[in-house]
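All heavy atoms count here, side chains included; hydrogens, waters and symmetry mates do not. A quick note: this is a predicted structure, and the numbers were derived from the prediction, not measured.
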Amino acid sequence: MRRPAGWLGALPLLVFYAFVFGIPLAALLAGAFTSRGEPTLANLRQSLEGGNLTAMIGSVQVSAVVALSGAVLGTFLAYAVVTSRSAALRGAVLTASGVLANFGGVPLAFFWVATLGNSGVVSGLLGLPSGSLYSFWGLVIVYLYFSVPLMVLVMAPALDGLRPQWREAAANSGATAWHYWRHVGLPVLTPALLGGVVLLFGAAFAAYATAAAMGAGTVVPLVTLKIANALTSDVLVGQENVALALSLDMIVIAGLVMAVYLPLQRRSTRWLR
């Protein structure tokens, strides 16, 4: 008797994904390419013009700065934890990172507004300028609160994968610490580093609730806020299909992000076996 193909075991999961993601995607595509029931590209053109384009660029800029800054800070923190001799410190930092990497939305916005907002506790004590939190760099700092812990979770296993024998062999060959990191450490960690940068970019690019609760859209144009305004605003009437086109633009960018991240992740796993 012929044995069934292995993919049949994954059939329930494929059906689930088809309903959960396929139907919304089909509805999104239908709305993005139609207007009043007629096929059109006007929605896509409008999504890449004027304020919509500005919002897309603003989201990309914020996400890029958050990704690069979070990658640097998270990598150094992960290295300090991995090389620490304290198992308690390592466990505490990694546990906290797992919690903080998923801490976002309205609670995160409230935390920062109560701390560094116009009437925040810390801003009042330090005499910080009014509105310093509600700016490009203020939003970057807020996003770093969950981006740095996420980078720690990405880099800690990669740093654990560096073999002590590699450093010993480099030292026995007369290599300095700089030579070791330049020719051994960094090449091995590069896939994980780049994958972490891409992951942080995607997380910041898709973030909505935190920026919305902070009212960041008035000072930093973000595409997620633009989509929400187009779908729910009483002023922007008839922009629902443009919002769907903006969502399609985000899906394309997210697809490019994942297309870069997944191969890097596989390569990193192969290097660190």
Side-chain angles (χ1 to χ4, degrees), residues 1-35 37-41 43-44 47-48 56 59-60 63 66-67 70 94 97-105 146-147 149-158 161 190-210 212 222-228 230-232 240-273:
M1 182 176 180
R2 187 175 180 180
R3 300 177 62 182
W7 60 267
L8 288 177
L11 186 59
L13 182 61
L14 295 176
V15 173
F16 173 79
Y17 274 109
F19 276 99
V20 174
F21 296 104
I23 294 177
L25 180 59
L28 186 148
L29 291 173
F33 289 102
T34 59
S35 178
E38 297 294 331
T40 181
L41 295 177
N43 297 325
L44 287 178
S47 71
L48 298 175
M56 187 70 69
S59 290
V60 171
S63 302
V66 169
L94 293 181
S97 296
V99 174
L100 296 178
N102 295 283
F103 182 63
F146 61 80
S147 298
L150 183 58
M151 192 65 183
V152 171
L153 297 178
V154 171
M155 289 305 301
T190 294
L193 284 168
L194 295 179
V197 170
V198 172
L199 184 61
L200 296 189
F201 179 90
F205 187 67
Y208 162 72
T210 301
L222 297 175
V223 66
T224 50
L225 302 182
K226 203 75 174 179
I227 293 172
L231 290 174
T232 61
E240 293 82 3
N241 286 5
V242 177
L244 295 177
L246 284 169
S247 302
L248 181 60
D249 296 338
M250 291 190 67
I251 290 175
V252 171
I253 295 177
L256 294 175
V257 167
M258 295 308 299
V260 174
Y261 172 68
L262 293 177
L264 290 175
Q265 186 185 45
R266 286 195 295 267
R267 183 181 174 189
S268 176
T269 302
R270 185 172 65 250
W271 267 96
L272 298 175
R273 284 176 181 173

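Rounding to the nearest 0.5 Å gives a distance of 12.5 Å between CG of Leu199 and CG of Leu194. Separation of atoms OG1 (Thr34) and CG (Leu41) is listed at 11.0 Å; rounding is to 0.5 Å.
The side-chain contact (heavy atoms from CB on, under 4.5 Å) test applied to Phe19 returns Val15, Ile23, not counting sequence neighbours. In this view, Phe103 and Pro107, Leu108, Tyr145 satisfy the side-chain contact (heavy atoms from CB on, under 4.5 Å) rule, not counting sequence neighbours. Shown here are the side-chain contact (heavy atoms from CB on, under 4.5 Å) partners of Ser63, two or more places apart in sequence or in another chain: Phe201, Ala204, Phe205. Residues satisfying the ring pair (Phe, Tyr, Trp, His ring centres under 6.0 Å) test with Tyr208, not counting sequence neighbours, are none. For Thr40, the side-chain contact (heavy atoms from CB on, under 4.5 Å) test picks out Ser35, Ala42, Asn43, with sequence neighbours left out.
Residue Val154 comes nearest to Ala192 through the heavy atom pair CG1-O, 4.0 Å, listed as atom of the first residue, atom of the second, then distance. Taking every heavy atom of both residues into account, Gly105 and Thr210 meet most closely at N-OG1, 2.8 Å. Residues Ala156 and Leu94 share a closest heavy-atom pair of CB-CD2, 4.0 Å. Here the closest non-hydrogen pair linking Ala207 and Thr224 is O-OG1, 3.1 Å.
Between Phe146 and Leu150, every side-chain heavy-atom pair lies at or beyond the 4.5 Å cut-off.
Panel note: side chain Ser59, backbone Val223; a donor-acceptor pair is recorded below 3.5 Å.
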Donor-acceptor pairs under 3.5 angstrom involving side-chain atoms of residues 244-253: please list them, not counting sequence neighbours.
unit_1: Ser247; atom_1: OG; unit_2: Ala243; atom_2: O; d: 2.9
unit_1: Asp249; atom_1: OD2; unit_2: Ser47; atom_2: OG; d: 2.8

